[in-house]
Amino acid sequence: MKIAVIGTGYVGLVTAAGLAEFGHTVIGTDKDAAKIDLISRGISPIYEPGLEDLLKKTLASGNLSFTADVDAAIRDAGVIFVCVGTPQDEEGRAEMSQIEGVARSIARNLNGYKVVVEKSTVPVKTSEWIKRVIGLYRRGDTPFDVASNPEFLREGSAVRDFLEPDRIIVGVETDRARDALVRIYEKFRERVLVTSIDTAELIKHASNSFLALKISYINMIADLCDRTDADVEQVALGMGLDPRIGRQFLKAGLGYGGSCFPKDIRALTKIGEDLGVDMGLLREADKVNHGRTGQFLDKVKKALWILKDKKIAVLGLAFKPETDDIREASSIRIIRELVKEGAALRIYDPKAMDNMKEIFPPSAQVAYCEGPYQAAQDANALLVVTEWEEFRALDLGRVRELMANPIIVDGRNMFDPVAVRGLGFEYYPVGRK
Ligand code: UGA
């Protein structure tokens, strides 16, 4: 059975290449012809470790191909994975016009039974809408099924997450659709959980919101640690040793960013409230997250007092390491605020500088540097915003000599406070002394 993957964003690209790696015949499609041209030549438009290699390999094997002709791809396929974007609207709801557009294209090109699989993160009940739209616009009564197969990919390890999944959720309402999806994921039969479609849709939003909640929880505890003698790193370790809690996602810092958690927690809040459920718990988590950059900037001000004309090195722009993605990154709010205060910034990130230049073009106040040492040159303070491994390996003695004033405000607790202070730095971490 041929598979079409509609949308070549990071979910669609990884899905297309990953399914081809499993041995299926996959055709990826997107209405953006320039992007398709690039990808067809094995060039990934996004930075994602391992993705370009996998693309090249599966293109060469003949299992994977791409076309900008969305209609033809649909006609050719028996299973269609929908991987288009679901950005949020002003009220925090997922904006579903791209999904609706794809559903209409599928209806127009329904030339035989097809399974339409939602892979993008969508509100619960979306599949009912997809079903209705296809039913309304198709000619005749060609059969089709809808299904939900949410993705759990993390940026930075998306390829590995796809090729070695913890679980595969398959939400279906017919045996025919279940059999098609179970066959696609044959290799991982014992990791497949088959549910209803509503359940599958909710599992995705509920998982992301829970992880976001965990992060906001530890950040609230970090605030408490900041005002006491407790150390949040040790509190997290002590909590995480309880297997019921677990050690992951208890890293205090600048909070969660990216294209998923902030959007998903707001979307789930809206879904619940629209259905009359009190979603206050998630609202609070979002509020705690929003407060993180303010707290961080207070520390910068506490260290420097007046920011006007101060030279400030900013290390890290991406919303997390190993990606060039800056969507909802705390760095954006931090830079905006520092620029407003009149500081002169010396910025460095291993991958995300080009993206950031689109928001903050180089100027008298915003200089992009070639490396962390260049950023530290003559700086009055150095801020750590993203925890790239490269920064952990910095020669801090050299940094100390380059800087005008030895001040580090560390939003990610990258360094050992005793060692850093031993080198003569004033050091401001998160939730620890
Ligand atoms: C997240 C989920 O982890 C994936 O399972 C999901 O598929 C994806 O969203 C999605 O919905 O598409 P991702 O946004 O790539 O993946 O990144 P995470 O590694 O989950 O990190 C999210 C944010 O939380 C980052 O800003 C990170 O810095 C922050 N974080 C994470 C913390 O502040 N503390 C932690 O302990 C962990």
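Counting starts at 1 for both ligands and their atoms, in listed order. Computed from a predicted model, the values in this text were never measured in an experiment.
Taking the centre and axis of the six-membered ring of F22, the NZ or CZ atom of K187 falls outside the cone set by 45° and 6.0 Å. A cation-pi arrangement is present between R398 and Y373, with the terminal nitrogen or guanidinium carbon under 6.0 Å from the aromatic centre and inside a 45° cone about the axis. A cation-pi arrangement is present between R167 and F152 under the rule of less than 6.0 angstrom and at most 45 degrees off the ring axis.
Each of D226, N219, D223 was evaluated against Q295; a single residue qualifies, D223, per the side chain to side chain donor-acceptor pair (under 3.5 Å) test.
Between the side chains of K263 and T86, at least one donor-acceptor pair of N or O atoms lies under 3.5 Å.
In terms of heavy atoms, I359 sits closest to I326 at CD1-CD1, 3.7 Å.
Annotation: ligand 1 has protein neighbours Y10, E151, F152, L153, R154, E155, K204, N208, I215, F249, L250, K251, G255, Y256, G257, C260, F261, D264, F319, K320, R412, each with a heavy atom less than 4.0 angstrom from the ligand.
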